[in-house]
Each structure stands twice: as C-alpha cells, then as structure tokens.
There are 2 protein chains.
Amino acid sequence: MEKQPYVCGLDAAVDVIDGKWKVLIIWALNHQRCRFGELKRLVPGVSEKVLTQQLRELEADGIVHRESYDVVPPKVEYSLTELGEELNTALRPLGAWGKGRMATLAETGRG
Amino acid sequence: MEKQPYVCGLDAAVDVIDGKWKVLIIWALNHQRCRFGELKRLVPGVSEKVLTQQLRELEADGIVHRESYDVVPPKVEYSLTELGEELNTALRPLGAWGKGRMATLAETGRG
DNA sequence: GTGCGTACTTACCTTGAGGTCAGTGGGGGC
DNA sequence: GCCCCCACTGACCTCAAGGTAAGTACGCAC
C-alpha cells in the first residue's frame, strides 16, 4: 500500500500479497471462513502478532472480511471478500505452476 | 530454495518470485532478452549488487538463462527459459487482477 | 596514461518485517 | 479462587534482505 506508482499490474498484485504468510492466509480462507484460532492452526508457524497484522492489512486492502461477534469469549470470523475470491482465482495458475515445480524438484532435486 | 516442505504449490511459486525485484525482472525479460545494463535501466531503482544476486537466484531456479560472451568489454545476455515463460504465463492473471485493482484504486482512492 | 564503460564482486551498513514474550478481560472448569 | 482460553495489543529484539560504495580487468577514445 505504500507504492502507488506501480510499474505494472503485477507490481500492484505483489504489493497486496507481500508478506510472509499472506498467500497462505488467503489460501486457507479460500476453503472456509475461519476464526482467528483456526487460522493460526491452518498457517503453522505464524505468531499471533503477525497473523493479526497481516489480517488487518488484507482487510484494509479489501481482501478479507472480518466479522466480530460481541460475545464472551471473543469470537471473530474471517472470510474472503469477492475481491479476495478473485485474487484467489488469479493466484490459481501460479499455484498450478508451483505444483509442477514441486514435482520437478521432487524428481530431479531429491528423487 | 530453502523451504522444501511447501504447504502448497502457491507456496513454492512465491518462493521463486520472492525478492524485491524478481517479478519486475521476469516481466522485463518477457519482452526481450537483455544485457545486464539494459536490465538495470528497465528495472529502475535496483542496485547492481541486488540485480546480479536476484538474477543468479532466478538462474539457479531455472527461470532465466545467462549467456556470457567472452569478449572485451564484457557482454552478457539474459533471457527467460521455457520454465520462465511458463511462470510468466502463470503470472498473467495475477497481473490482470492487479491492473483491475490499480483502476479501482485510481477511482475510489484518489479519483 | 587517464578515464570511461562493461559486468560484476566484496565489505560494510541500514532498515523494517517478523519473532518473542508478557499483558488484557471475563466466563467456565476444577 | 485460580488458571485457561478467546482474540488480540504493545514493547522489545533479531536477522537477513537490500542499499552504498569501492574495487577488478581489459579495450578504446582522447
């Protein structure tokens, strides 16, 4: 969000998914809406601080929707917005490419 | 690279394009093969050190091809490999999404 | 012979993303 | 009564990516 004079659309997209865990968060959210704790479990390795932070950035970018229920104990649900779904769709070919690369890596690199 | 136990293909792909200038380098190389100096001009802001470094990583990942001519003054040409072209193709929907986002940003954010 | 240009390499420094850890408020289990 | 759990927040620290600047080898123009 700091870098408006983008060189190209790719640049703008990368800006949104830039962050160590964001694609994983988006990916996890694609399958279902999640509570904070669930997300933490689905994205192994994130600290709570960073999860919150990246979720906020994603929210600010209009990628995820945050629904807070005013109950005790606290309950918050995250889901992808329509924009987020579109991002996910745009991400799919890249995921497929990466999958192919993983396969190649498995064959040549370690197989 | 450093993170073989990928969560998903997306993860593997992001690993490859991770680096401040890599998508821009790939993008620039999509249009034509380039010499080091040209690339430096096409990707404004990169330092020589980092350009070299990211080019080497991209080369190690099989994305770009480096052709060195043993002449004086030195001449080196970079181009995308077939894998690189595939990556670029996979990147295209993301670029399109980003372009849409740029348009939205221009309308709502500053328009 | 001085300096420029090519394509780097190396040493050193800065910056900020991300990690760690402790704290918050209230209900429920023991 | 005490602690845990929920979903965070804030202070502090680390570390690696990236930036800066100088060096390298050689040919050419001047």
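Only a predicted model underlies this, so the values are computations on that prediction, with no experimental measurement involved. Here is how names work: the chains are called A, B, and so on, in the same order as the sequence lines, proteins then strands, and each is numbered from 1.
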- Message: Using every non-hydrogen atom in the two residues, find where P44(A) and W21(A) come nearest and quote the distance to one decimal.
- Response: O-CZ3, 3.6 Å
- Query: dC5(D) P sits how many Å from K40(A) NZ, rounded?
  - Reply: 10 Å
- Item | Value in whole Å for how far the C1' atom of dT6(C) lies from CZ of R66(B) | 12 Å
- Query: Which part of the nucleic acid, if any, lies within reach of Y69(B) when heavy atoms closer than 4.0 Å are counted: base, sugar-phosphate only, or nothing?
  - Reply: nothing
- Can you check the L51(B) CG to dT9(C) P distance for me, whole Å? 12 Å
- Starting at CZ of R41(A) and ending at C1' of dC6(D), how long is that distance when rounded to a whole Å? 10 Å
- Item | E57(A) with K22(A): basic N within carboxylate O range, under 4.0 Å | yes
- Item | Nearest listed nucleotide, side chain of R35(B), among dA7(C), dA7(D), dC8(D) | dA7(C)
- Using atom CG of D70(A) as one end and atom P of dC6(D) as the other, report the distance to the nearest whole Å. 18 Å
- Spell out protein contact along nucleotides 12-30 of chain D as letters: B when the base is contacted, S when just the sugar-phosphate is, - when no protein heavy atom is under 4.0 Å; keep the 5' to 3' order. ------BBB-----BS---
- Message: Would you compute the distance between atom CD1 of I17(B) and atom CG of N88(B) and round it to the nearest 0.5 angstrom?
- Response: 10.5 Å
- Task: Take the protein atom CD of E77(A) and the nucleotide atom P of dC8(D), then report the distance between them rounded to whole Å.
- Result: 12 Å
- Message: Going by the rule salt bridge (charged side-chain N to carboxylate O under 4.0 Å, His left out), which residues pair with R33(A) if we only count those two or more places apart in sequence or in a different chain?
- Response: E77(A)
- If we only count heavy atoms from C-beta on, is the E59(B) to H65(B) side-chain gap below 4.5 Å? no
- Distance from R101(A) atom CZ to Y6(B) atom OH, nearest 0.5 Å? 5.0 Å
